[in-house]
> 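Take a look at this one; I'll ask things after.
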Amino acid sequence: MPTPTTPATLQSVLSKAGHVILGKPRELQLALACLVARGHLLIEDVPGLGKTTLAHTLSRLLGLSFSRVQFTSDLLPADILGVSIYERESGHFRFIPGPVFTQVLLADEINRGTPKTQSALLEAMEERQVTVEGETRPLPRPFFVIATQNPSHQIGTFPLPESQLDRFLLRIRLGYPDRQAERQLLEQGDRRESLETLLAELNPEALEAHQLAASQLHASPALLDYVQALLDASRQSGLFRHGLSPRAGLGLLAAARAWAYLEGRAAVLPDDIQVVFPALATHRLQPVNHDGHASEAEVITLMQSVPIP
Amino acid sequence: MSRHSPVLERHQIPWLIGVALCTTLPHAGFLPIWMTGLSALLLMTVAWQWHRGLAPLHKALKVLLVVVCTAGILFEYKTLLGRDAGIAMLVLFMALKQLELRTHRDATVVISLGYFLLLTHYFHAQDIPTGLWLILSTLLVTAALLKLQAAPTASPMSLLKTAGGLLLQALPLMLVLYLFFPRIPGPLWGLPQDAYTGRTGLSETMAPGNISELVNSPEIAFRAQFTGPPPTPQTRYWRGPVLDHYDGRAWQAGPTGREAAPVEHLGQALSYSLTMEAHKQHWLLALDMPARLPDNPELGARLDKNGTALSNRPLLNRQRYELQSFPSYRLDPEGKTVSLPRHLQLPQGYNPRTLELGRQWKSQGLTPEGTIQQALRMFREENFHYTLRPPLLGRNAMDDFLFSTRRGFCEHYASAFVVLMRAAGVPARVVTGYLGGEVNPVDGFMIIRQSDAHAWAEVWIKQKGWVRVDPTGAISPARIESSLASALPDEATLPYMELRWARQLQQRWEALNNQWNQWVLGYDQSRQQELLARLGFTDGNWRTLILLLGISTLVLLVGLSLWLFLPRTSKDPAWALWNKARKRLQTQGISAPDWESPMALVQRLETAAPHLVPAYRELARLVMTARYEANGPKMEALRHAYQQLPR
C-alpha cells in the first residue's frame, strides 16, 4: 500500500467513515483530528448513539489493530494490562498481554470501572507503556485510547477525576442523529455489518507521517497570542473553578494544527482554534455556579468574550 | 577581580578606541600640545596593535608612560588637582587605559570614564554644536556598552539603534530633572575666573586704537528685546563706563561713587530685556538713560553717580535682565555730581595748541552751547575724515589729530572734543558704550556686536544737566543713523558683512543660538520660578521642586510600566486594516464582533449580505495569510483589497 502523506488521504478516511456514521461529519473530523494530534479521545453520550461504531470504524480505516474492553465495576487492572502465569513445562512465568497491547483501545463505559482500574488505564495512556510485576513493556505505536463514557448522572458510575480527564485531548458528544440521518439508519438497518467490509486506507507508518506533518504546521505569533488570550480568559473570567492548564494549551494548539491539517491548510487560523476549543475545554472546566462540567454553550460564551488579538 | 572577568573579543576593541576618541577629541584644542600629541600617539598605537594583532606593550613600558604622564601634568599645572589638571589627567589616562584592554572589567572602566569625560566638555563650551557632539558621543558610548554584551554578529547599526532607544527612554526623565531639579544661583561648579578669558569688550580705559580694535570683532556683545517698538537708530546709545580722567594718552574712569546720579525722566519709557554675554565687568550697558533697574538680588544692580547702570559683581555668565529707560532725560541738571577739578582736568604739558584754541574760545565769551557749536562746526567744515585706520599720533596726540592728520575714529573725536571743551572751561567727559544694534528679522531680537562699540562726549550745561554730544555725528552722520559699515569709506569693508545669503544664514544661526541661550542655558532660578508660578505654585521653594520632581518621576514610571505591561491593541498593519473593515461593516448595520474570525464572518455574510462577499472574502484571505502564514503577502496587496471594499 502506498503511504501518501497529503491530507487528501485523511480526507478520504473521513468520507468513508461518513458512510458508516451518518450525519456527524464534524464530530468525525474532531475524532480524527484528535488522533492526528496524538491525543486520546473521550466520547460522552447515552448508550446506543454509535460511540463504539465510531471507534471501530476509525481504527479499521486507519489500518490499526483494535481491541475493546468493557468496563464494569468488577474489572481488575490485570484484565486490561495482562498477567504472568506459571508454565509448569518450562518452569518460568509467561506474560499474557492484556487488551491494552493494541493500537486502538476502545474503553467502553470507562466510568463504570473502579477508580483503581481507571487509573491503570490512564497511566498506560500517559506513559504509552505498562509496568506489570516490575517489568516495563512498551505499547505498540501508535497507541490511542478512545474511551466512551455515560453521562455521570447514570446509576453505578465512578466519574473520572479532573486530573485524569485532562489526559483526554478532546471530548466529543455524538448526540442524537438528525431526522434525515435517522431515517437513513432506519431504512438501511444497522451499519455494523458494513463495518466488517471496510478496507484500511492507511497503515500505521503513514499515520505517523501525517502526525509529524500536522505537528509542524506553521503557527504564527499572532495565533499564539490568540491561544494565550483564550487561556488567560479561562483563568480570569471568574466563571470557572480553575482555568485551563498549560497542558490544555499545548493540546489546544496541537488539536488546532491537526484540524487545519485535515482542512488542507498550511497554517493554523483562529478558525481552527475556535472549532476545537469547545471539544478541548468542556471536560476540563467546571463552572462555579453548578456541579459537573461546563456545557458547550458556556465555553462558547467564554470564547466570544475574547477578541481575536 | 580581573581574573574572573571575561576576556575581551577582538571585535570589541574598535568600539572602545572609538569611545576614547569621541570623548577626548574636543579637549584637543584646550590641552597643551604635547598632551594632545601623546594621546593621539597612544590611540594610534592601540589601533595599530589591534590591526596587526600585536602583543600588548611591556609592563615596564606602561609603568614608565604613567610616570611620564603624571610628571608632565605636574610640570604643566603644578598640581594634580583642580579643573584643568583633572581634565588633563582624565584624558591622558583614558588614552593609557587603552593600552591594557584585556577583560570586560577594563572595558567597563573605559566606558565609565568616557561618560564622565563627556561631562567635562561643558567646562569649555555650552553651545549647540557641543550639545550635539555630546549627544552623539553618548550614543556611541552606550552602544559600546551594549557591544560588550551583544552577540558578535550584532551589526553596529543595530547596536546604535538599541542605544538610541535606551536614550530616548531616558529622555522624559531628563526633561523632568531639567525642569524641576532645584536650580542654584550661579554656575553649578564654582568655575574659576580663567574660564572666561579671551573675551573682548569695553574697558575702563580708552587709549587711541582700543575701540577701533573692538570694531573688527563681529562677536555679539549683548542682545536686547523690546516690549514695544525699538528706539530710533539715533537714540540707540548703550551706556557703558564714563571716563573723566585724561593723562595725555588715555582716558580713565574715576571713582563711581555710591550715590546714584539724580535723573529727571521725560517722555515715554522703553521696556526691554538684555541678554548680556559674559564680559567680566560690572556695567550693564543700559540704554541711555536707565530708569528701572533689574531687581534681581544676585545682580545687585545700581546706578552710579555718572548715570551708568552697574552690577555689584562682574558678569561672569551670560545674564538676562529686565530694564526700563527713557530716551529723553535730564541728568543732574543741578550739577550735584559735577566737580570742576575733575571735569575740567587736563594733563600738564600736553597738547598746547589744543589748549590754546580752547582758551581762545573761552576768551570770546561763548556760552557752553556756543562752544559746542564752535567745535562741531570745526569738525564739520574743516577737512576731517572718519576712518578705522587713522595715522599714528605723537606725544601731543590731540594737537596732531586736530591740526595735522585730521583722520580719526570715534574715540579720537570724542577725546579731542572733550579736551577742547575742558580747555574752554566747559565741564565735559567721555562716555563709552555701544551705539546702534540691528534687529534680527528671524526672531526680532536686537543684536549689539562688539563692532558697535562707540565713544561719545557729555557736556554739563546748567539746567540741562549732562548733555550728550556725539562729535562723530558731525563728521559722519551715517555712523549714527545707520551703522558703522555704511559710515566707513571703501577702505574697510568689515570681514563679516559679505554676501547676502551668508548674512541671512548668519542671522538664522544667531537667532537659533539666542533661543538656546534664552531657553536652555538661560533656564535659571528665576525662569524656574516663572514656570512654577505658571503651574500654580506661587511660593516655589526647593520643597515644592522636590515634590514636583518626585511626582513627575512617579507619573513617568507608572506610565512607562502601564505602557509596558498593559495589553495593547494589535500593531500588525494587516490586522489593523481588518479591524477597519470590520468597523465599516458595523456602520453598514452588519454585526462583526471582534471574536469572530474573518473567515467565519465572510461565511456569515453569504446569507446576511451576499453582495459584499467577494470583496470581503478577498480581503479576509489576504489578511489571514498575512497574519498567520509564514510568508504573507505584501501590505500593498492588502491595501488594494481594502480599497476594493464596497462603500
Side-chain angles (χ1 to χ4, degrees), chain A residues 7 25-26 213-237 239 252-253 255-278 281 296-309, chain B residues 562-587 590-608 613 616-635 637-638 641-642:
Chain A
R26 178 190 162 92
S215 70
Q216 287 167 348
L217 228 56
H218 179 70
S220 71
L223 187 95
L224 299 183
D225 285 346
Y226 186 44
V227 170
Q228 282 191 297
L230 282 173
L231 294 178
D232 284 347
S234 78
R235 292 163 193 167
Q236 285 160 10
S237 69
L239 296 171
L252 178 57
L253 189 60
R257 275 192 164 119
W259 183 276
Y261 184 74
L262 292 180
E263 291 285 316
R265 277 201 274 274
V268 191
L269 301 186
D271 304 74
D272 304 317
I273 299 281
Q274 291 184 349
V275 167
V276 299
F277 189 68
E296 193 162 331
E298 283 166 330
V299 170
I300 287 176
T301 309
L302 171 74
M303 197 166 77
Q304 293 187 350
S305 73
V306 181
I308 299 176
Chain B
L562 283 183
W563 183 73
L564 280 178
F565 297 120
L566 275 194
R568 265 167 294 165
T569 47
S570 173
K571 272 193 290 186
D572 180 358
W575 197 243
L577 203 65
W578 174 254
N579 280 328
K580 258 165 75 183
R582 231 166 30 77
K583 298 258 157 59
R584 184 188 285 192
L585 270 185
Q586 283 167 340
T587 60
I590 297 164
S591 78
D594 54 4
W595 57 267
E596 193 175 37
S597 95
M599 297 313 226
L601 176 77
V602 170
Q603 211 159 31
R604 204 159 47 76
L605 277 184
E606 279 178 13
T607 49
V613 169
Y616 275 88
R617 178 180 289 141
E618 178 60 10
L619 180 65
R621 189 184 66 78
L622 286 170
V623 166
M624 295 313 261
T625 39
R627 195 157 162 75
Y628 296 107
E629 287 189 10
N631 302 304
K634 292 232 160 44
M635 256 331 269
L638 266 79
Y642 179 78

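Owing to the predicted nature of the structure, the values given are computational and were not obtained by experimental measurement. Protein chains get the first letters and strands the later ones, always in sequence-line order, with residue 1 at the start of each.
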> Which heavy atom of A:Val268 sits nearest a heavy atom of B:Tyr628, and at what distance?
O-CB, 3.6 Å
> With respect to chain A, which residue among B:Pro598, B:Ser597, B:Ala600 yields the maximal number of heavy-atom pairs within a distance under 4.5 Å?
B:Ser597
> If I compare all heavy atoms of A:Leu269 with all of B:Met599, which pair ends up nearest, and what's the gap?
CD1-CG, 4.2 Å
> Is there side-chain contact between B:Arg627 and A:Leu223, with at least one heavy-atom pair below 4.5 Å?
no
> Tell me whether B:Gln603 at atom CD has more than 12 heavy atoms from other residues, nucleotides or ligands lying less than 6.0 Å away.
no
> Counting C-beta onward and ignoring hydrogens, is there a side-chain heavy-atom pair between A:Val306 and B:Trp595 closer than 4.5 Å?
no
> Is a side-chain donor or acceptor of B:Trp575 paired with a backbone partner of A:Ile308 at a separation under 3.5 angstrom?
yes
> Less than 4.5 Å to any heavy atom of chain B: does that hold for the side chain of A:Gln274, its backbone, both, or neither?
side chain
> Within the 4.5 Å heavy-atom criterion, are B:Met624 and A:Pro270 side-chain neighbours or not?
yes
> About how many Å separate CZ of A:Arg265 and OG1 of B:Thr625, when rounded to the nearest 0.5 Å?
12.0 Å
